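For the numbers below, each heavy atom of this structure counts, side chains included, while hydrogens, waters and symmetry mates do not. Predicted model, so just to flag it, every value in this text is computed and none were measured.
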Amino acid sequence: MNNQRQFIAQQGSNTTVKIFDASTGQLYRVITVGGNIVSQPYAAGHVMTVTVESSGGQKQVKTFSLPNGGLKSTVPV
């Protein structure tokens, strides 16, 4: 049996992503992404990616680790 926790990512406000526990549907964490979200967040395994735009207009793909929500990488696009 696979005991790995699964997550669902959903945009909260313009700058936050809500992380839900897929098995219970309960809100697990809210992550502030550091910019305005310009694409829907996507959670797979132990990572969540989202494209954000900074106040200067620069777009970046940010990857966060789950379940702790720490920033893992930032790639300019």
Side-chain angles (χ1 to χ4, degrees):
M1 184 173 169
N2 185 1
N3 290 332
Q4 184 176 354
R5 183 177 271 173
Q6 298 291 317
F7 298 98
I8 299 168
Q10 177 182 349
Q11 184 172 343
S13 68
N14 287 341
T15 60
T16 61
V17 174
K18 294 178 179 180
I19 304 297
F20 294 89
D21 186 319
S23 63
T24 64
Q26 291 184 336
L27 180 63
Y28 186 79
R29 179 176 305 280
V30 177
I31 300 172
T32 302
V33 297
N36 287 325
I37 297 171
V38 295
S39 74
Q40 290 298 315
Y42 176 75
H46 284 282
V47 295
M48 184 273 294
T49 60
V50 65
T51 304
V52 300
E53 185 173 10
S54 67
S55 58
Q58 181 184 19
K59 291 183 182 176
Q60 302 170 322
V61 175
K62 293 190 175 188
T63 303
F64 295 86
S65 60
L66 298 175
N68 65 0
L71 181 62
K72 196 170 184 179
S73 68
T74 302
V75 178
V77 291

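- Linking Ile, Leu, Val, Met, Phe, Trp and Tyr residues whenever their side-chain heavy atoms come within less than 4.5 Å leaves Leu66 and Val30 in two separate clusters.
- Contact check for Val52 versus Thr74: no side-chain heavy atoms found under the 4.5 Å cut-off.
- Atoms CZ and OG1, from Arg5 and Thr24 in turn, are 8.0 Å apart once rounded to the nearest 0.5 Å.
- Under the 3.5 Å distance criterion, the side-chain polar atoms of Gln11 are matched with a main-chain donor or acceptor of Ser13.
- Put simply, CD1 on Ile37 and NZ on Lys62 are 10.5 Å apart, with the number rounded to the nearest 0.5 Å.
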Applying side-chain contact (heavy atoms from CB on, under 4.5 Å) to Phe7 and Arg29, what does each step give before you reach the verdict? CA-CA 10 Å; Phe7 298 98; Arg29 179 176 305 280; over 6 Å; no
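- The closest side-chain heavy-atom distance from Pro67 to His46 is below 4.5 Å.
- Among Leu27, Ile8, Ile31, the one residue that satisfies the side chain to side chain contact (heavy atoms under 4.5 Å, CB included) test with Lys18 is Leu27.
- Atom CE of Met48 is separated from atom OH of Tyr42 by 13.0 Å, given to the nearest 0.5 angstrom.
- Hydrophobic clustering (side-chain heavy atoms under 4.5 Å, transitive across Ile, Leu, Val, Met, Phe, Trp, Tyr) groups Val50 together with Leu71.
- When hydrophobic clusters are built by joining Ile, Leu, Val, Met, Phe, Trp and Tyr residues whose side-chain heavy atoms come closer than 4.5 Å, directly or via intermediates, Tyr28 is not grouped with Val47.
- Counting heavy atoms from C-beta on, the side chains of Val33 and Thr16 never come closer than 4.5 Å.
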